[in-house]
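In what follows, chains carry the letters A, B, and so on, assigned in the order in which the sequence lines appear, proteins first and then strands, with residues in each chain numbered from 1. Everything numeric here is computed off the predicted structure, so don't read it as measured data.
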Amino acid sequence: MTDAGFSRGTGLPIVVDGDAGPCGGDDESLLAGLNPQQREAVTYRGPALLIVAGAGSGKTRVLTHRIAGLIGSREAWPSQILAITFTNKAASEMRERVEGLLGQASEGMWISTFHSACVRILRREAKQFGFTENFTIYDSGDSRALLKRIIKESEADTFGFTPASASAKISKLKNELEDYESYARSANRDDPAEQVFLQIFREYSRALRAANAFDFDDLIAQTVYLFRAFPRVAANYQRRFRHILVDEYQDTNHAQYSLIRELTKPVPPHLVAELKIDGLYVDGLTDAAGEIPGASLTVVGDSDQSIYAFRGADIRNITEFENDYPGARVVLLEQNYRSTQNILSAANSVISNNFDRKAKNLWTDSGDGEKIVGYTGYSGHDEAQFVADEIDALRRAGVPYNSMAVFYRTNSQTRALEEIFIRSAVPYRIMGGTKFYERAEIKDAMAYLITVANPADELAVRRILNTPKRGIGPATETQLRAFADDNNITFRDALRSASDLGLGPKVTAAITRLSELIDESAAMTDPENPAGVKPVSDILTHLLAGSGLLDALRNSRDPQDEARAENVEELVAVTKEFARNNPGGTLTDFLTEVSLVAAADELDDSTGTVSLMTLHTAKGLEFDAVFLTGVEEDLIPHRMSANEPGGLAEERRLFYVGITRARKRLYLSLAMTRAQFGDVNVAMPSRYLQEIPGELIDWRRSPGAANGRDGTMSRALNAKRPGFGSDRAIATAAGLSKPKTEWANKVTAQVRDNSGLELLPGDRVKHVDFGEGRVQEVTGEGAKRIAHVQFDSAGFKKLLIKIAPIEKL
DNA sequence: CGATTGTTTTTTTTT
DNA sequence: AAAACAATCG
């Protein structure tokens, strides 16, 4: 993460008509193979451009060609371009593609995520408002740890505040650019719970500042505050970025929207003069009135793929774009180059159920392709087995593993999939989930590094204080905090004075040793140090050896600690890798990179593995074959979203995003029963399933068939039958009868009810699919009685007696 | 202070 | 089913 090109590259951009430039970016090669709409999106020049890009319509191509065009024609220097992507992976891909088009590296281009770009700005400007460039970035776990302490100390838990709820509320406010002061003004003074929350918010903000730390939301919000409080600072960035491009604009929140608004403001003449005094290049940029006009803004998005409302994304940012930026040009990309017509028809049909959306119809000229395959498992494991078997069949048919993906709504669904995949020898990789950097032992090791980089970060210091165990308990910790308060020093500095606290000799020695270790390591980052600045891996190795963290894990009797030790060793390997890729990279650079890795960033195309990920992580990706699992009520749409306004529409968009990731083959699967919280529940097919025309789906086993009925029920699920649920079957103006959302549930609500069936070990039973078998054991009570059956040919199964298609013989 | 045992809660989605 | 948490004892 170097800042190459930031302070240079301010020379005059020479615009020469008809001059293709030396870098091969001439019009013809840039526009070859693009359709007319894409061409317009690439070549349009003006203050604002909105590209409404349906799924798979080639928007990345358009964006990269647009950037390459700007640079190739010498309309802009690379350093005048700021492109915002959704993930770091998308950013590096885009950079590679642009450089590929130009035939040369273009230093100084900023292509990054909102968060990375803001960190870069904040590190540079932190000194302006009371932070240092070594600030820590708190992830959600850190925020919650801090809030937990605050809530405990303020005894706010009696008002029902949990770290999670307070964190969610604070995050929401920050995304709306409300800070403690502004919120305190508008808050209801008479509500005691509100007062308690205000206290938490104030203390949280204070603690972050004292720790020289920003949380995720701060990264954006504080950058906006910075620009608003220091117009001179803002002017520098407004001057620098002449072309701003934002991808996935439908998922921007208010803070991100405001950031873009700030960056696209013109620089007034008096600030231009100040910039000039500082020796910055301005002359070629000013207009007749002496101001630098606002940067040109290109946004790309698709409101049908907006799936982040829960974290503040405001769909209006894109729907109101033309009002925000009068005179904006709008280009629509509707031709899809990714999926088969069958997949697109399913997607179109599903999304058309969302009202208040602009009509849009994706189409392709690449043919119908395979039908969508449907499957209903008896349990999550049965479903997973189907997926594993199908993956195996595809592999044999020549589809490489890395072009297949399995999606699910919640991370907890990975458990069943993993168990079966391991058993079936399907090589897989889980994107996101419990991330490497969220593991406790990794956070411990990272806390050592953070303490060295940013001693003000009390959270990190407290974390390592007694990790590994060195006899420093809560009582000692409290004493250290009190000592720091009394002497008006930081918690870290209190460690230096351990001998003044009158603690036991053992505890004092332990604290002193820790304090020295931190100092030794800090010296390794100091450029003044004659020994020179050491790479991050050396610092980490020194900290691990000095603290005994790794040894404690290796020598532990807990069998899991062996794996933890390996994880820590893996972290050492990561630091070495970092040093190789970033010569001269500092400790802070490393910590930044680690803080901002996203789930999709881990995707490595070269590994021959199937990718497992949530539907959210899947956004922006595509695969030849996609398995969309758990297509059930309460999962998608998720139970939690049902009561939220707009929740059902957002879940539908999520389902739509999942469908449109598939290039050639799409599998939709569900289960009749789903284990959660350790017990088994009956699951219903998702209402969205009926929004797909029945003829597009080839049911290998339909929900009806899985209920133990004959095959006719499979077609019935998706057929439109007048008179069924007729109270809702009101034809719309377009003559299309709206799908009857409750219908499938009525079908499955007629589940065979075996609750009266008494089974005892030794009984013989007959199952519709598994044939005959013998009951070995019956567990559970009432509606959740489970029969453990050894089938003669199908092997051992656990069945929920109430709904299993079995009869006693 | 730290280890062990028992109890409770957790599951939306993420930078 | 697993993890996080609280209580208890050495």
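Every salt bridge (charged side-chain N to carboxylate O under 4.0 Å, His left out) that R564(A) has, sequence neighbours left out, goes to E441(A), D558(A), D561(A). Qualifying ring pair (Phe, Tyr, Trp, His ring centres under 6.0 Å) partners for F201(A), counting only residues two or more places apart in sequence or in other chains: F197(A). Not a single side chain to side chain donor-acceptor pair (under 3.5 Å) links E644(A) to another residue, sequence neighbours left out. With sequence neighbours excluded, the residues that form a side-chain contact (heavy atoms from CB on, under 4.5 Å) with S112(A) are S116(A), A117(A). Remark: D314(A) engages R316(A) in a salt bridge (charged side-chain N to carboxylate O under 4.0 Å, His left out) (not counting sequence neighbours). Every residue two or more places apart in sequence or in another chain was checked for a salt bridge (charged side-chain N to carboxylate O under 4.0 Å, His left out) with K469(A), and none qualifies. Annotation: ring pair (Phe, Tyr, Trp, His ring centres under 6.0 Å) contacts of F491(A) (sequence neighbours excluded): none. Remark: E248(A) engages K59(A), K619(A) in a salt bridge (charged side-chain N to carboxylate O under 4.0 Å, His left out) (not counting sequence neighbours).
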(request) Could you encode protein contacts along nucleotides 2-9 of chain B as a string, one character per nucleotide from 5' to 3', using B for base contact, S for sugar-phosphate-only contact and - for no contact, with a heavy-atom cut-off of under 4.0 Å? (result) SSS-----
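Looking at T162(A) and R144(A), their side chains never bring a donor and an acceptor atom within 3.5 Å of each other. If you check the side chains of Y138(A) and D457(A), you find a donor sitting under 3.5 Å from an acceptor. Between the side chains of N212(A) and N454(A), a donor-acceptor pair is found at a separation under 3.5 Å. Of the N and O atoms on the side chains of Y204(A) and S143(A), at least one donor lies less than 3.5 Å from an acceptor on the other residue.
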What pairs of nitrogen or oxygen atoms, one from the protein and one from nucleotides 4-8 of chain C, lie under 3.5 Å apart?
unit_1 : atom_1 : unit_2  : atom_2 : d
dC5(C) : OP1    : K148(A) : NZ     : 3.4

At a cut-off of 3.5 Å, list every protein nitrogen or oxygen paired with a nitrogen or oxygen from nucleotides 10-12 of chain B, distance to 0.1 Å.
unit_1  : atom_1 : unit_2  : atom_2 : d
dT12(B) : O2     : R409(A) : NH1    : 2.8
dT12(B) : O2     : R409(A) : NH2    : 2.4
dT12(B) : O4     : E644(A) : OE2    : 3.0

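If you check every strand for non-hydrogen atoms under 4.0 Å, Y308(A) touches sugar and phosphate atoms only.
Residue T617(A) places no side-chain N or O under 4.0 Å from the OP1 or OP2 atom of dT13(B).
Both L654(A) and E477(A) lie near DNA chain B, and the one whose nearest nucleotide falls closer to the 5' end is E477(A). Sequence order on DNA chain B of the closest nucleotides to T476(A) and S595(A) puts T476(A) first from the 5' end.
Taking atom CG of N681(A) as the reference point, atom C1' of dA1(C) lies 14 Å away to the nearest angstrom. Protein atom CG of N175(A) is 16 Å distant from nucleotide atom P of dT14(B), rounded to whole Å.
Taking atom P in both dA6(C) and dT11(B), the straight-line distance is 16 Å, to the nearest Å.
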(message) Could you spell out the base pairing of DNA chain B as a dot-bracket line? Use Watson-Crick and G-U wobble contacts where both distances are under 3.5 Å, [ ] for crossing pairs, | for partners on a different strand.
(response) ||||||||||.....
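Classification of D179(A) and K174(A) as a salt-bridged pair fails, no side-chain N sitting under 4.0 Å from a carboxylate O.
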